[in-house]
Amino acid sequence: MRTIKLIKDPQAFNLLADDTRRRIIHLLRAKERTVSQIAEELGLTPQAIYHHIRKMKDADLVEVAKEERVDHFIETYYRATAEIFHIS
């Protein structure tokens, strides 16, 4: 089932105007990924990706899908909150 999210918040609209954030959303619609995985696929630093993820999470465009313990670290996987974002 395809999930559609209606975006009315101007802040969320402005976040999606950024090419990097649109690329992140595109990746997260297909598969849950960690910040490191996204950074590697987009050729950016994990710090830059985390900055974008935090803003998109606050705007409810992405969410935490799951957390896994890897050695002494917690890996957080993110996903898009919808498959299709309709801007109104």
Positive for side chain to side chain contact (heavy atoms under 4.5 Å, CB included) with Lys55, one of His51, His52, Lys57: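 Of the listed residues His51, His52, Lys57, the side chain to side chain contact (heavy atoms under 4.5 Å, CB included) partner of Lys55 is His51.
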What are the two closest non-hydrogen atoms of [X] and [Y], and how far apart are they?
{"X": "Ala59", "Y": "Leu15", "answer": "CB-CD1, 3.4 Å"}
{"X": "Ala65", "Y": "Arg79", "answer": "CB-NH1, 3.6 Å"}
{"X": "Ala80", "Y": "Arg29", "answer": "CB-CG, 3.8 Å"}
{"X": "Asp18", "Y": "Thr20", "answer": "OD2-N, 3.0 Å"}

Quick one: side chains of residues 36-50, donor-acceptor pairs under 3.5 Å with protein atoms, not counting sequence neighbours, listed by atom name and distance.
from, atom 1, to, atom 2, distance (Å)
Gln37, OE1, Thr34, N, 2.8
Glu41, OE2, Arg33, NE, 2.7
Glu41, OE2, Arg33, NH2, 3.4
Thr45, OG1, Ala48, N, 3.1

Got a donor-acceptor contact below 3.5 angstrom from the Thr81 side chain to the Leu61 backbone?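 A pair under 3.5 Å: yes.
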Side chain Arg22, main chain Leu16, donor-acceptor under 3.5 Å: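 Confirmed, Arg22 side chain pairs with Leu16 backbone.
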Non-neighbouring partners of Glu68 that pass salt bridge (charged side-chain N to carboxylate O under 4.0 Å, His left out), sequence neighbours left out: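 Only Lys66 meet the salt bridge (charged side-chain N to carboxylate O under 4.0 Å, His left out) criterion with Glu68.
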Co-membership, hydrophobic cluster, residues Tyr77 and Leu28, 4.5 Å side-chain: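 As far as the 4.5 Å side-chain criterion goes, Leu28 and Tyr77 are not connected within one cluster.
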